[in-house]
S.K.: 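This is the structure I have questions about; it appears just below.
We use all heavy atoms of the structure for the numbers below, so side chains are in, but hydrogens, waters and symmetry mates are not.
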Protein chains: 2
Amino acid sequence: MSSSQAGSRPGGRSARVQAAVHAAVKSLQAEAGRGELTVPAVAERAKVTPSTIYRRWGDLASLLADVAVERIRPDGPPAETGSAKGDLSAWAEQYAEEMSSSVGQELMRDILAARSQADNPARCCNLVRAQIDIIGERAKACNEVFPDTETVLDVVVAPIVYRSLFVDPPSAEHVQALVERLWAER
Amino acid sequence: MSSSQAGSRPGGRSARVQAAVHAAVKSLQAEAGRGELTVPAVAERAKVTPSTIYRRWGDLASLLADVAVERIRPDGPPAETGSAKGDLSAWAEQYAEEMSSSVGQELMRDILAARSQADNPARCCNLVRAQIDIIGERAKACNEVFPDTETVLDVVVAPIVYRSLFVDPPSAEHVQALVERLWAER
DNA sequence: TGCGCTAATGCAAATATTTTGCGTTAAGGC
DNA sequence: GCCTTAACGCAAAATATTTGCATTAGCGCA
């Protein structure tokens with residue numbers, strides 16, 4: 001959406017509606033089982049007409065994906081521990097914890113399930129890349145060795161996500177082992 | 001379902017309905033865009049009443065997941081190339097090709113999206129494990145070294161699936177590099 | 001500030017879907 | 001061959017989605 005459009009500015013009507021709808025979704029997700037999470041229910045809680053939601057998001061899946069992408073966004077840069085390996089280790093452990101939680105799993109599923117917005121998964125991955133890049137930049141600034149971001153994705157992130165989605169969530173020890181594997185290379 | 005139930009035997013009415021519905025889903029998936037893939041549409045093509053589908057599967061997502069689990073099942077054991085590494089390499093490349101395809105991505109998404117049947121992702125992973133185990137057993141029979149199945153999941157399978165779902169599908173070279181990494185360990 | 005323009009929303013009717021109660025049917029056990 | 005039971009079809013009811021039209025809020029501009 002270009003910034004010349006009426007509703008896309010902060011404080012505009014469009015933005016208020018979006019905020020209200022997002023809040024309604026989160027509120028409904030927090031309380032009841034997923035059974036009550038329906039477009040009319042969200043609309044009612046957001047003090048909005050269902051048709052508004054359908055027109056803006058198309059269907060429930062897209063709305064959920066939209067909310068999920070925002071919720072999955074990291075709060076801030078990775079914590080600093082003194083070393084690049086420590087930073088990555090701490091970040092990976094926290095990331096694994098978030099993705100392993102039932103909430104995190106739901107977020108990933110919502111993001112993957114939306115058949116429209118097919119670029120949401122990539123955006124989600126780019127958020128992760130950015131976090132890893134930050135750690136990498138820090139390492140470079142201190143002349144520390146740090147693996148390629150894509151390698152970190154393959155060796156650390158991918159197993160965390162894969163196990164969280166398909167198998168059992170990885171334990172903290174398992175995550176540490178993944179980081180160790182990264183440093184054991186070459 | 002216990003085997004004492006009436007419809008669960010091959011050739012029974014229940015089985016025929018299931019086969020017809022599954023076929024209808026595949027047929028609809030093959031032709032049109034996903035827009036026409038709806039429960040009434042499947043029911044019509046399967047010569048069945050929508051209520052039958054709703055009662056047996058609950059909703060479209062569960063039906064799609066059910067079909068997807070069957071479709072994702074491997075045809076046979078991994079091809080034999082003469083060495084364990086060769087076997088894994090060939091298997092991984094084919095697996096990556098299947099998961100990278102739009103069909104494969106849809107299957108994985110369908111499996112993850114079904115909120116009921118929460119054990120489908122694990123079943124899907126177990127199919128993969130079984131294939132890897134077969135290669136491992138062969139290796140053991142020949143006194144070849146072969147990594148732990150869980151390690152293969154982390155190093156080879158997870159990146160393939162993660163990249164297929166969230167990023168860009170991995171190239172054949174990338175997959176080979178994953179296998180190499182596995183053998184480079186220790 | 002006030003005026004006009006546009007996109008977004010509300011409302012309500014039309015359409016499509018999902019759910020449910022009840023009678024019927026098909027398959028297996030005896 | 002009869003009995004039992006789970007699955008199915010049918011149709012009505014409930015719910016969700018789509019759509020046309022009128023209204024409104026916000027923005028640019030004078």
Side-chain angles (χ1 to χ4, degrees), chain A residues 1-25 27-29 32-67 110 113-117, chain B residues 1-25 27-29 32-67 110 113-117:
Chain A
M1 301 186 185
S2 120
S3 64
S4 69
Q5 289 187 350
S8 64
R9 288 205 162 80
R13 177 168 61 156
S14 221
R16 279 202 306 276
V17 169
Q18 164 159 344
V21 171
H22 277 217
V25 168
S27 146
L28 282 171
Q29 281 177 333
R34 198 71 157 229
E36 310 304 330
L37 191 50
T38 173
V39 171
V42 173
E44 183 183 22
R45 179 150 318 191
K47 311 279 191 199
V48 162
T49 301
S51 64
T52 296
I53 294 181
Y54 286 117
R55 270 195 263 254
R56 276 181 68 133
W57 283 279
D59 56 2
L60 181 63
S62 295
L63 171 57
L64 294 184
D66 197 30
V67 174
D110 289 344
R115 231 167 286 290
S116 13
Q117 328 198 36
Chain B
M1 301 184 185
S2 121
S3 65
S4 68
Q5 291 186 351
S8 63
R9 289 205 162 82
R13 177 169 61 157
S14 220
R16 279 200 307 276
V17 169
Q18 165 160 343
V21 171
H22 277 217
V25 168
S27 148
L28 283 170
Q29 281 177 333
R34 198 72 157 228
E36 310 305 329
L37 190 50
T38 173
V39 170
V42 172
E44 182 183 23
R45 179 150 320 191
K47 312 279 190 194
V48 162
T49 301
S51 65
T52 295
I53 295 181
Y54 286 117
R55 269 195 260 256
R56 274 181 69 134
W57 284 278
D59 57 1
L60 181 63
S62 296
L63 170 57
L64 295 184
D66 197 30
V67 174
D110 289 344
R115 229 166 289 289
S116 12
Q117 327 199 34

S.K.: Taking CH2 from A:W57 and P from C:dA8, how many angstroms apart are they, rounded to a whole number?
M.R.: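 Going from A:W57 (CH2) to C:dA8 (P), I get 12 Å.
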S.K.: Which residues satisfy the side-chain hydrogen bond (donor to acceptor under 3.5 Å, both in side chains) test with A:R16, sequence neighbours excluded?
M.R.: none
S.K.: Among C:dA8, D:dG9, C:dA27, which nucleotide sits nearest the side chain of B:T52?
M.R.: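 Of the candidates, D:dG9 comes closest.
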S.K.: Rounded to whole angstroms, how far apart are CD1 on B:I53 and P on C:dT20?
M.R.: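 Roughly 17 Å, once rounded to whole Å.
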S.K.: How long is the straight-line distance from CZ of B:R56 back to CG of B:L63, given to the nearest 0.5 Å?
M.R.: 10.0 Å
S.K.: Please report how far the helix from C:dT1-D:dA30 to C:dC30-D:dG1 bends, comparing the axis fitted to its first five pairs with the axis fitted to its last five, to the nearest 10 degrees.
M.R.: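 The end axes of the helix from C:dT1-D:dA30 to C:dC30-D:dG1 are about 40° apart, to the nearest 10°.
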S.K.: State, yes or no, whether a side-chain contact exists between B:D66 and B:V21 at a heavy-atom distance under 4.5 Å.
M.R.: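 When only atoms from C-beta onward are counted, B:V21 and B:D66 do not touch, as no gap falls below 4.5 Å.
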S.K.: So, using side chain to side chain contact (heavy atoms under 4.5 Å, CB included) as the criterion, who are the partners of A:A24 when residues are at least two apart?
M.R.: A:V42, A:R45, A:A46
S.K.: Roughly, in whole Å, what's the span from CZ in B:R56 to P in C:dT18?
M.R.: 18 Å
S.K.: Would you tell me if any nitrogen or oxygen in the side chain of A:S14 comes within less than 4.0 Å of OP1 or OP2 on C:dA8?
M.R.: no
S.K.: Using atom names, set out every protein N or O paired with an N or O of nucleotides 23-25 of chain C below 3.5 Å, distance rounded to 0.1 Å.
M.R.:
residue: C:dT25; atom: O2; partner: B:R13; partner atom: NH2; Å: 3.2

S.K.: Are the side chains of A:V17 and A:V48 in touch, meaning some heavy atoms are under 4.5 Å apart?
M.R.: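 Yes. Closest side-chain heavy atoms under 4.5 Å.
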S.K.: Over how many whole Å does the gap from B:Y54 atom OH to D:dT15 atom P extend?
M.R.: 15 Å
S.K.: Just jot down the side-chain hydrogen bond (donor to acceptor under 3.5 Å, both in side chains) partners of B:T52, sequence neighbours excluded, or say none.
M.R.: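 Not a single residue meets the side-chain hydrogen bond (donor to acceptor under 3.5 Å, both in side chains) criterion with B:T52.
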S.K.: What pair of heavy atoms forms the shortest contact from A:S62 to A:W57, and how long is it?
M.R.: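 For A:S62 and A:W57, the tightest heavy-atom pair comes out as CB-O, 3.1 Å.
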S.K.: Taking side chain to side chain contact (heavy atoms under 4.5 Å, CB included) as the definition, give me every residue that meets it alongside A:A61, ordered by chain and number, with sequence neighbours left out.
M.R.: A:D59
S.K.: Can you check whether A:T38 has a side-chain N or O nearer than 4.0 Å to OP1 or OP2 of D:dT15?
M.R.: no
S.K.: Using the test side chain to side chain contact (heavy atoms under 4.5 Å, CB included), find all partners of A:A43 that sit at least two apart in sequence or belong to another chain.
M.R.: A:P50, A:I53
S.K.: Mind checking what makes side-chain hydrogen bond (donor to acceptor under 3.5 Å, both in side chains) contact with A:Q117, not counting sequence neighbours?
M.R.: A:N120
S.K.: What are the residues of residues 40-51 of chain A, sorted by number, that bring a heavy atom to within less than 4.0 Å of DNA chain C?
M.R.: A:K47, A:V48, A:T49, A:S51
S.K.: Listed by chain and number, what are the side chain to side chain contact (heavy atoms under 4.5 Å, CB included) partners of B:S51, not counting sequence neighbours?
M.R.: B:T49, B:R55
S.K.: On DNA chain D, compare the nucleotides closest to B:V17 and A:G58; which residue's is nearer the 5' end?
M.R.: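 On the 5' side of the pair lies B:V17.
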S.K.: Let's see if you can work this out: which of D:dC8, D:dA25, D:dT19 has an atom nearest to the side-chain heavy atoms of A:R55?
M.R.: D:dT19
S.K.: Could you pick out which residue, B:R16 or B:D59, lies toward the 5' side of DNA chain C when each is mapped onto its nearest nucleotide?
M.R.: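 Between the two, 5'-proximity favours B:D59.
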